[in-house]
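Just so it is clear, the structure is predicted and the values come from calculations on it, not from any experiment.
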Amino acid sequence: MPENDFSGPIPPGLFLLPALRRVDLTANGGDVLSGSLPDGPGAYSPSLEAVLLAGNALWGELPRALLRAPALREVRLQGNNLTGELPADAGAYSRSIEVLSLRGNSLSGAIPAALAEMTALTHLDLGENRLDGSIPADLFVVEDQRTGQRVAMGGNNRVFLNLSGNSLMGSLKAFSVMQDASLDLSHNNFSGSIPEAFFGSQLRADLRFNQLSGPLFTERASENQLAATSRHWLHYEDQEVWESVRVNNNSESMGRAVGPGYLPAPSPGVEASAAETAALLAVRDALLGGAGGATGGAAEGGAEGGAVVDGGNSTWAELLSSWGVGSSSACAWYGVGCMADGHVDTLHLLGDQTVTLHANFVPDSPDCNFGQFHHVICTSEPPPPPPSVQFFLKGLPGGNGVSGWLSLALGELTRLTSLRISHHTLSGSLPASLSLLSHLVSLDLASNRHLSGAIPPALYALPVLTELTLRGNSLTGDVLPSSTPAAALSPSLESVDMGGNQLTGSIAASIGALSSLTRLALDHNRLQGSIPRQLGALWMLRDLQLQGNALQGDLTALAAAFHPAADAAVDAAANAAADAATALSGSGGCSAVQSGAEVRLGHNALSGSIPDSVFSPCLALLDLSHNQLSSPIPPSLQGRSKNPSLLPLSHLDLSYNLLSGSIPPHLASSLSSLAHLSLRSNLLSGSLPPSLTLAPTLTHLDLSRNKLKGSLPALCRGQQRLATLLLSSNTFSGPLSSLLSPSSPCTSSLLSLNVSSNQLSGPLPSSLSRFTALQSLVAARNRMSGSIPAGVASLKALQALDLSWNGLSGAIPAMLRAAAPSLYVQLAGNALSGSIPQPLSDLPLSCFRPGNPKLCGTPLPTCMLSKPRKGWL
């Protein structure tokens with residue numbers, strides 16, 4: 001009984017009906033279903049196979065009794081308010097579960113290894129929750145129920161896995177066993193390099209908005225394979241990725257870096273002082289957990305002017321133990337750099353990365369076939385001469401890094417300008433002696449998961465420090481104590497990154513004294529309160545990340561406090577930090593330093609209306625998703641068509657709020673550069689303005705789960721290249737053919753179309769076969785009739801086809817899935833007839849039943865030959 005107007009709690013007795021196999025109360029309107037689900041022994045019928053309660057307002061913890069139901073195959077609870085942690089104890093999950101969808105709740109804690117008990121699982125969606133921690137090493141290795149052998153999750157079936165929009169961290173190594181899967185791991189804190197398995201032909205992955213580093217490929221995953229396949233399936237934008245490419249068809253690569261974190265150039269002939277040498281040895285001993293140096297057999301760390309520094313075949317213990325072995329100066333030790341006078345000025349020990357450098361390309365040549373990728377730079381300039389580049393690098397040490405602690409002796413390296421010890425497993429607290437490094441310019445201690453304790457306030461006072469990176473640790477306490485006077489803060493700080501910790505409290509008002517700040521990342525912590533007005537003094541702010549906290553307040557408090565010249569990329573996408581968005585508002589144009597600002601304030605508890613002033617001409621990206629914002633869409637988006645350049649937004653996400661009213665008819669013309677628009681899961685009503693589906697720059701449009709109605713307008717015009725159109729769970733009516741014209745310019749660009757759970761009628765248009773780039777078509781739960789067009793079988797790029805719960809009849813096209821062997825097909829709930837084509841015979845029974853009583857053939861009962869009538873020869 002999906003999509004009705006039921007409200008209130010679900011009677012517990014409903015789940016106890018002895019013959020009950022399926023409960024579907026998806027997406028109820030009105031006040032929606034609420035309350036908690038029953039739990040405890042005997043709470044669910046042993047015959048229960050499917051529980052579909054998505055899109056309601058259920059709360060409480062995930063019931064363990066439900067997950068243990070012996071016959072359970074499908075659980076869809078996405079889009080509710082469930083809290084607590086996923087059960088981690090043995091026997092917590094039924095081995096029969098094939099689909100578990102919990103996206104868009106408030107689940108917290110780590111992902112337990114016990115999920116591997118679901119040996120039949122092929123669809124796991126945990127996206128948009130508050131999960132943290134790393135991925136268990138054997139999570140995706142399950143026991144084959146027939147052979148008892150350990151195999152990759154899904155076996156021979158394609159696996160769908162969504163973990164996006166959480167605070168997960170660590171490496172991607174656990175995913176290496178996946179063979180045929182679609183993975184969405186975006187918007188997390190994953191770090192390290194991309195495993196070679198991600199370059200397999202059957203693996204598709206979205207890795208955007210993480211902290212990934214390392215090479216784009218290795219010898220086995222060659223640059224040719226990457227250039228041929230990655231642009232179609234591997235998304236890794238916004239990482240600190242290093243490119244690894246071949247120079248003039250040679251297997252050795254050399255040159256310069258395009259990201260931070262390279263090894264310091266060796267300093268041949270320079271002798272470090274005895275005091276600093278002793279300090280380095282103390283640092284080494286602490287990093288190795290007090291084990292001290294090795295006495296023999298370790299590789300020498302260092303290189304002589306321009307020789308190859310090769311850490312790829314050494315462990316961290318070997319490399320650090322080599323410090324002090326032989327007669328080499330500390331200035332030649334691995335990761336150590338010195339000035340000409342012998343003072344140690346650089347210490348770079350970056351774990352979990354494999355780096356190959358490059359240089360000297362001819363643009364547009366075969367050796368420079370990487371223009372479609374971010375972070376790949378091709379230049380015709382020769383490599384800079386020494387001493388600007390004095391190193392060629394063939395990899396950094398493998399393994400899990402070091403697991404010791406940071407020594408107080410670091411404070412004795414008083415001339416350090418750059419200290420980077422990241423991506424290890426260090427524990428302990430930040431030593432107070434770091435505040436003695438008065439020459440320090442860059443401090444990066446990111447991704448040491450066990451580093452804990454408070455942040456020493458004195459770090460903010462280091463006189464020339466420009467970069468302070470402490471992301472991905474377990475630091476606690478305040479970002480900055482509220483009692484810290486503004487005079488004690490250094491005006492030199494340009495970047496502060498403390499995302500992915502366990503920081504609490506509010507953001508101190510004195511942070512506004514960091515007048516040179518261009519980047520402030522406090523995302524994925526436990527911060528509360530509102531954004532201080534003093535943040536408006538940071539007129540050079542370019543990147544503000546506050547997502548994943550518990551910030552509150554409305555969007556008006558700081559409306560006048562921020563300079564429109566602040567090029568602040570306010571990446572508060574997971575916080576209740578709405579005040580920061582207004583910090584970028586103002587009248588007038590933007591200076592060069594502020595133009596293109598990005599504001600992400602999603603996944604918070606912001607409330608109230610969206611002030612018109614939030615839509616500053618400085619903004620290129622605004623994300624206010626997953627809050628409690630209400631009222632209609634602001635007037636600034638309702639009629640600036642005469643001067644659209646005032647609003648150069650390219651990315652606008654207002655999804656998962658309480659916005660009401662209609663979509664402004666001139667919204668697209670108000671945003672002249674709009675590429676991504678999401679208004680999903682609001683209370684918007686009225687019709688879909690034709691200007692939206694015809695917007696020339698739009699590539700992604702999501703209006704799902706609103707109250708929109710009327711017929712669907714034509715899709716695309718001119719040079720528009722819309723790739724994703726999501727219109728599910730509204731009340732659109734009329735034929736689908738009004739949207740999919742055979743002459744549409746989007747026939748070669750549309751990748752995903754979802755019009756499910758509407759009131760569309762009429763046949764599926766034959767023009768579908770013209771949309772040759774289509775990868776996903778979901779038109780389930782409508783009122784469509786007629787047969788499935790044979791042309792659908794010619795869509796070679798198609799990966800998912802869901803036409804279930806309509807009134808379709810006739811035979812299934814014989815060649816369906818022949819051109820796309822990995823295609824997932826769902827046709828249940830129709831009136832199809834005839835034999836199931838052989839390419840579909842390996843699909844599960846649930847793809848055809850319930851419904852389709854006249855359908856036969858594997859996996860359904862064998863088709864029976866009709867008996868000849870009497871009198872026939």
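The side chain to side chain contact (heavy atoms under 4.5 Å, CB included) test applied to Thr476 returns Gln502, not counting sequence neighbours. Taking Ser452 as the reference, nothing meets the side chain to side chain donor-acceptor pair (under 3.5 Å) condition, with sequence neighbours excluded. For Asp497, the salt bridge (Lys or Arg N to Asp or Glu O under 4.0 Å) partners are Arg471, Arg519, not counting sequence neighbours. Scored by the side chain to side chain contact (heavy atoms under 4.5 Å, CB included) test, Thr504 finds Arg526 as partners (sequence neighbours excluded). Checked against side chain to side chain donor-acceptor pair (under 3.5 Å), Ser492 has the following partners two or more places apart in sequence or in another chain: Ser490. Contacts of Ser418 classified as side chain to side chain donor-acceptor pair (under 3.5 Å), with partners at least two apart in sequence or in another chain: His348. In this view, Ser442 and Glu467 satisfy the side chain to side chain donor-acceptor pair (under 3.5 Å) rule, not counting sequence neighbours. With sequence neighbours left out, Ala282 forms a side chain to side chain contact (heavy atoms under 4.5 Å, CB included) with Ser407, Ala409. By the salt bridge (Lys or Arg N to Asp or Glu O under 4.0 Å) test, Arg415 pairs with no residue at all, sequence neighbours left out. Under the ring pair (Phe, Tyr, Trp, His ring centres under 6.0 Å) criterion, Tyr460 pairs with no residue at all, not counting sequence neighbours.
Between Gln528 and Gln552, the closest side-chain pair of non-hydrogen atoms is not below 4.5 Å. With contacts defined as side-chain heavy-atom distances shorter than 4.5 Å, the pair Trp59/Leu82 does not qualify. Residues Leu320 and Leu349 have side chains in contact (heavy-atom distance under 4.5 Å, counting atoms from C-beta outward). When side chains are defined from C-beta on, Met498 counts as touching Leu503, because their heavy atoms get closer than 4.5 Å. Within the 4.5 Å cutoff, the side chain of Met339 has heavy atoms near those of the Asp341 side chain.
Within the 3.5 Å criterion, the main-chain N or O of Thr518 finds no donor-acceptor partner in the side chain of Ser495. The backbone N or O of Gly337 lies less than 3.5 Å from no partner atom in the side chain of Thr346, so there is not a single donor-acceptor pair. Side-chain atoms of Ser108 never come within 3.5 Å of backbone atoms of Arg130 as a donor-acceptor pair (strictly under, hydrogens ignored). For the pair Asn105 (side chain) and Leu107 (backbone), a donor-acceptor distance under 3.5 Å is absent. Here the side chain of Asn525 pairs a donor or acceptor atom with the backbone of Asp523 at under 3.5 angstrom. Side-chain N or O atoms of Asn188 include one that pairs as donor or acceptor with a backbone N or O of Asn166 at under 3.5 Å. In this structure, Asn448 contributes its side chain and His424 its backbone to a donor-acceptor pair below 3.5 Å. The backbone N or O of Gly608 sits nowhere less than 3.5 Å from a side-chain atom of Asp554 that would complete a donor-acceptor pair. The backbone N or O of Leu475 sits less than 3.5 Å from a side-chain atom of Asn501, completing a donor-acceptor pair.
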**Request:** Evaluate the side-chain contact (heavy atoms from CB on, under 4.5 Å) criterion for residues Leu168 and Leu163: first the C-alpha distance (whole Å), next the side-chain angles of each, then the deciding distance (0.1 Å), finally the verdict.
**Result:** CA-CA 8 Å; Leu168 301 170; Leu163 301 179; 3.9 Å; yes
**Asked** Can you list the steps and then say if Leu347 with Leu410 is a side-chain contact (heavy atoms from CB on, under 4.5 Å)?
**Response** CA-CA 10 Å; Leu347 180 55; Leu410 283 168; 4.1 Å; yes
**Item:** Derivation of the side-chain contact (heavy atoms from CB on, under 4.5 Å) call for Glu276 and Glu412
**Value:** CA-CA 7 Å; Glu276 293 192 354; Glu412 299 176 30; over 6 Å; no
**Request:** Take Leu319 and Trp333 through the side-chain contact (heavy atoms from CB on, under 4.5 Å) test and state the conclusion after the steps.
**Result:** CA-CA 9 Å; Leu319 285 170; Trp333 294 351; over 6 Å; no
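Contact record, Leu413 with Ala279: CD2-CB, 3.9 Å, taken as the closest heavy-atom pair. The two residues Met169 and Gly500 make their nearest non-hydrogen contact at CE-O, 3.8 Å. Annotation for His439 and Thr414: closest pair CD2-O, 3.3 Å, computed over non-hydrogen atoms. Residues Pro431 and Leu406 share a closest heavy-atom pair of CD-CB, 3.7 Å. Nearest heavy atom pair, residue Pro112 against residue Pro136, reads C-CG, 4.0 Å. Cys331 and Val270 make their closest contact through CB-O, 3.5 Å (heavy atoms, listed as atom of the first residue, atom of the second, distance).
To the nearest 0.5 Å, atom CG of residue Leu440 and atom CG of residue Leu434 are 8.0 Å apart. Taken to the nearest 0.5 Å, the CD1 atom of Ile610 stands 7.5 Å off from the CG atom of Leu622. Here CG of Leu280 is found 5.0 Å from CH2 of Trp323. Values are rounded to the nearest 0.5 Å. Atom OG of residue Ser474 and atom CG of residue Leu451 lie 8.0 Å apart, to the nearest 0.5 angstrom. Here the straight-line distance linking atom CD of Glu494 with atom CG of Asp543 works out to 13.0 Å at 0.5 Å rounding. One finds the OG atom of Ser447 at 8.0 Å from the CG atom of Asp444 (value rounded to the nearest 0.5 Å).
Screening Asn473, Leu443, Leu445 for a side chain to side chain contact (heavy atoms under 4.5 Å, CB included) with Leu430, the sole residue that qualifies is Leu445.
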Please report, to 0.1 Å, the donor-acceptor pairs under 3.5 Å made by any side chain of residues 649-659, with sequence neighbours excluded.
residue, atom, partner, partner atom, Å
Ser650, OG, Ala620, O, 3.1
Asp653, OD1, Ser655, N, 3.0
Asp653, OD1, Ser655, OG, 2.6
Tyr656, OH, Arg680, NE, 3.1
Asn657, OD1, Asn627, N, 3.4
Asn657, OD1, Gln628, N, 3.3
Asn657, OD1, Leu629, N, 3.0
Asn657, ND2, Leu624, O, 3.0
Asn657, ND2, Leu654, O, 3.1
Asn657, ND2, Ser655, O, 3.1

Enumerate, atom names and distances included, each donor-acceptor pair closer than 3.5 Å involving a side-chain atom of residues 479-488, sequence neighbours excluded.
residue, atom, partner, partner atom, Å
Thr484, OG1, Pro481, O, 2.9

